[in-house]
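Atom set for the values below is all heavy atoms of this structure, side chains included, hydrogens, waters and symmetry mates excluded. Every chain is numbered from 1 and lettered A, B, ... according to where its sequence line falls, protein lines coming before strand lines.
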Amino acid sequence: MDVFAEIESRISAALEALKSEGDLPADLPTSGFDVETPRDPTHGDLASNVAMVLAKPARMKPRDIAEKLQARLSADADVASVSVAGPGFLNITLKPAFWHRLVQAILKEGGGYGRSTLGQGKTVDIEYVSANPTGPMHVGHCRGAVFGDVLANLLAFAGFDVTREYYVNDAGGQVDVLARSVFLRYREALGEDIGAIPEGLYPGDYLKPVGEALAKEHGAALLEMPEERWLPTVRAFAIDAIMPMIRDDLAALNIKHDVFFSEASLTRGGSDKVKAAIDALRAKGLIYEGRLEKPKGHDDEEWEDREQTLFKSTEFGDEADRALMKSDGSYTYFAGDVAYHYDKLQRGYRHLVNVFGADHIGYIPRMLAVVAAFTGGTVERDAKGKLKSWATSGGSADLAIKVVNLVKLFKNGEPYKMSKRAGTFVTLRDVVDEVGRDPVRFMMLYRKELEPLDFDFAKVTEQSKDNPVFYVQYAHARAASVFRNAQEVFPELSPDSPAVLGADLSRLDDAGEIDLIKKIAFFPRLIEGAAKAEEPHRLAFYLYELSSALHGQWSRGNDSPHLRFIQADDGVMTAARLALIAAVQQVISSGLSVLGVEAPESMR
RNA sequence: GGCCCCGUAGCUCAGCUGGAUAGAGCACCAGAUUCCUAAUCUGGGGGUCACAGGUUCAAAUCCUGUCGGGGUCACCA
């Protein structure tokens, strides 16, 4: 049940009635306006701009339209009063009985409350994390990982059919470096003194066991071979060893992908999916052999002017065409990504989401270009060629790119520099072990994704109450506690009992109580808004506000005992208030579950 | 230099895609605990929404320009 949609439709009905009676022009639209909660609660429960939006097409004064609607809506059995204010706002106050019914509806829906049919089962593929398989995850990966995971939860809650995907960059130079690094550890495991790890190889100790395992499996056999013979073996071995580390790291954050897509698989086993994807673009006339201009703004000594295979991404507004082949004849990373997205589209997804780090922003236009090219969609730009959004539209499927900004590390307020050499490299696992899964997840979401995030270990660990996650969890635990205490007096009042679900709510008339109901009434709309905007942080902020309202109402019982939830001499009132608490707790619980954060029954 | 993001209270940030008198946390000041968990609550001070124009009934929000901070710019991934 969505109060806003409900009132919207009643306003529409009122407009229709006025039209049929000739009070409004017959061709006047009956949608396109908003119903929202006014900032100032004295204005009423709900406000609409309907009169102002329709003033122009109706060629009437906003206030005149508003007054006609006022007369209509006042007759509604659920409406207590309607007023016209300011430039033509329609302020509506609903009868308490309406809010009481809402609480009952929420309790009846239970965990389904707030779920939406917005997605209508549309298939969505969300690609996130996609860290190179060259070592354990570090803190920097954390934000994108949590963001992607929660976005996936959120879209699923809003009715989309979601696939969570990880693109494994197991081809290219980085994994060759990994292989050489492991080979060194392999020699070490066979008793060789390898000395210091040379510049350019991965120095981490985590490769030691990998080298040892390699020695166990192959003995000294690999030592006899030239690099080009052992490299593929060692590379595959190393990746097979690293990926479980990464999965473990993700599991520590409660993140689980449905699909791990291997970049190397694109060209394995005789089939060349990269070539196929490029050919598909070629068929559209978007591939050509040509030269690129030397990039401006920085001196590049190694720049070489040569003819190469290019994708015409300028066709979609990118600032340069993009190379698909390296000078050694192998595919560029971009070429692999072209094939990967081609593959995703062929798997039938209607909506693709890529979660990028801020350092990959420059990569966005070419990716949008690729997907627009494959789907027949467009990359919307304004007259000056500026990108309107990081998304394609209008094609058989579309791509949206979400960018999470950098995480700046602090310790006791001082910037904290990560360095592998100085031993201050912080792995994701370290952070989760030290701080805990829930605080990390919540912290990563308690900021708009595009905003840089300061992450202070000392703050999040030592003064853990600074972390808002405890505030929200405490609200949930407090609700559970109220039930525990209430049952000592009224044993029949357990959370799912008929006595609570069917409680007579007519005495819930305190302003704070009604305010709590209004806050949970907003939940479905919040979910839809956050899902449409693909902004999970909204949910974190919402839960904080809702928790605040609950803590506030609880505390009012300190000064005014008659407001306490448990009234030992009044079972009817207690049941009513517990019903409200149960509904609030339900929303917090549902919200936290979308965030992937635990909703504890107790904080002790 | 091109492109992209950001600029809101002393600090860290929200602001529901254009709504009414711009909010929260931290910090500071003053209070609340024989009382359902004080990991909590109540009150107070604190603002040229970077700046200047424009669009309209209405702009922190959209457009243009300027200033400041950050990111990024073939052949890496």
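- Residue A:Ile361 is classed as a sugar-phosphate contact, given heavy-atom separations below 4.0 Å to backbone atoms only.
- Contact annotation for A:Phe565: base contact, defined as any heavy-atom pair under 4.0 Å involving a base atom.
- Applying the side chain to side chain donor-acceptor pair (under 3.5 Å) test to every pair with at least one member in residues 566-575 of chain A, sequence neighbours left out, gives these pairs: A:Arg507-A:Asp570.
- Shown for residues 548-557 of chain A: residues whose heavy atoms fall under 4.0 angstrom of RNA chain B, namely A:His551, A:Gly552, A:Trp554, A:Ser555.
- Residues in residues 545-558 of chain A take part in these salt bridge (Lys or Arg N to Asp or Glu O under 4.0 Å) pairs, two or more places apart or across chains: A:Asp510-A:Arg556.
- Using a 4.0 Å heavy-atom cutoff across all strands shown, A:Asn91 reaches at least one base atom of the nucleic acid.
- Within 4.0 Å of A:Ser602, counting heavy atoms only, lies at least one base atom of the nucleic acid.
- The 5' end of RNA chain B is approached more closely, in terms of each residue's nearest nucleotide, by A:Asn558 than by the other of A:Asn558 and A:Gln174.
- Here A:Arg564 lies in heavy-atom contact (under 4.0 Å) with a base.
- When heavy atoms are screened at a 4.0 angstrom cut-off, A:Ala486 is found touching no nucleic acid atom at all.
- With both ends at atom P, the span from B:rG15 to B:rC6 equals 11 Å, rounded to whole Å.
- The closest donor-acceptor contact from the side chain of A:Asn485 to the backbone of A:Ser481 lies under 3.5 Å.
- Residue contacts shown for A:Ser481 include a base, since a base heavy atom lies under 4.0 Å away.
- In this structure, A:Ala530 reaches neither bases nor backbone, as no heavy-atom distance under 4.0 Å exists between it and the strands shown.
- Checking A:Ser116 against A:Glu528 by side-chain atom types alone, a donor-acceptor pair falls below 3.5 Å.
- B:rC16 and B:rU61: their P atoms are spaced 12 Å apart (whole Å).
- At the heavy-atom level, A:Pro62 lies nowhere under 4.0 Å from the strands shown.
- Residue pairs that meet the salt bridge (Lys or Arg N to Asp or Glu O under 4.0 Å) test with at least one member in residues 475-495 of chain A, sequence neighbours left out, do not exist here.
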So which protein nitrogen or oxygen atoms get under 3.5 Å of nucleotides 60-65 of chain B's nitrogens or oxygens?
residue, atom, partner, partner atom, Å
B:rG65, OP1, A:Lys384, NZ, 2.9

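- Within the 4.0 angstrom heavy-atom criterion, only backbone atoms of the sugar-phosphate kind lie near A:Gly172; the bases stay farther away.
- The base of B:rA77 is not paired with the side chain of A:Asp170 by any donor and acceptor separated by under 3.5 Å.
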Criterion salt bridge (Lys or Arg N to Asp or Glu O under 4.0 Å) on A:Arg235 and A:Asp176, from CA distance to verdict: CA-CA 6 Å; A:Arg235 187 173 55 206; A:Asp176 288 348; 2.7 Å; yes

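- Shown here are the ring pair (Phe, Tyr, Trp, His ring centres under 6.0 Å) partners of A:Phe157, two or more places apart in sequence or in another chain: there are none.
- The residue A:Tyr542 sits apart from the nucleic acid: no heavy atom pair falls under 4.0 Å.
- A:Asn49 comes within contact range of at least one nucleobase, with a heavy-atom separation under 4.0 Å.
- Residue ring and base: A:Phe89 counts as stacked with B:rA20 (centre distance below 5.5 Å, interplanar angle below 30°).
- For A:Tyr167, there are no side chain to side chain donor-acceptor pair (under 3.5 Å) partners at least two apart in sequence or on another chain.
- For B:rU72, the base adopts the anti conformation, since its glycosidic angle falls more than 90 degrees from zero.
- When the P atom is compared between B:rC67 and B:rA30, the two are found 46 Å apart, to the nearest whole Å.
- Taking the centre of each ring, A:Phe4 and A:Phe522 come in below the 6.0 Å mark.
- Considering only residues two or more places apart in sequence or on other chains, A:Ser330 meets the side-chain contact (heavy atoms from CB on, under 4.5 Å) condition with A:Lys326, A:Asp328.
- For residues 398-408 of chain A, every residue pair satisfying the salt bridge (Lys or Arg N to Asp or Glu O under 4.0 Å) rule, not counting sequence neighbours, is listed here: A:Lys402-A:Glu449.
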Full working for side chain to side chain donor-acceptor pair (under 3.5 Å) between A:Tyr333 and A:Gln174: CA-CA 11 Å; A:Tyr333 177 78; A:Gln174 305 274 2; over 6 Å; no

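- Judged by distance alone, the side chain of A:Ser560 and the main-chain N or O of A:Leu563 form no donor-acceptor pair under 3.5 Å.
- Every pair passing salt bridge (Lys or Arg N to Asp or Glu O under 4.0 Å) that includes a residue from residues 307-325 of chain A is listed here, sequence neighbours excluded: A:Asp318-A:Arg322.
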Reading 5' to 3' through nucleotides 6-11 of chain B, protein heavy-atom contacts under 4.0 Å coded B for base, S for sugar-phosphate only, - for none: S-----

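- Each of A:Asp359 and A:Tyr446 was matched to the nucleotide of RNA chain B holding its nearest heavy atom; the match closer to the 5' end belongs to A:Tyr446.
- Looking at RNA chain B, the stems built from 3 or more consecutive Watson-Crick or G-U wobble pairs, each pair with its key distances under 3.5 Å, are B:1-7 with B:67-73, B:10-13 with B:23-26, B:28-32 with B:40-44, B:50-54 with B:62-66.
- Within the 4.0 angstrom heavy-atom criterion, base atoms lie near A:Ala85.
- Aromatic ring centroids of A:Phe147 and A:Tyr128 lie 6.0 Å or more apart.
- Using a 4.0 Å heavy-atom criterion, one finds that A:His537 contacts the sugar-phosphate atoms exclusively.
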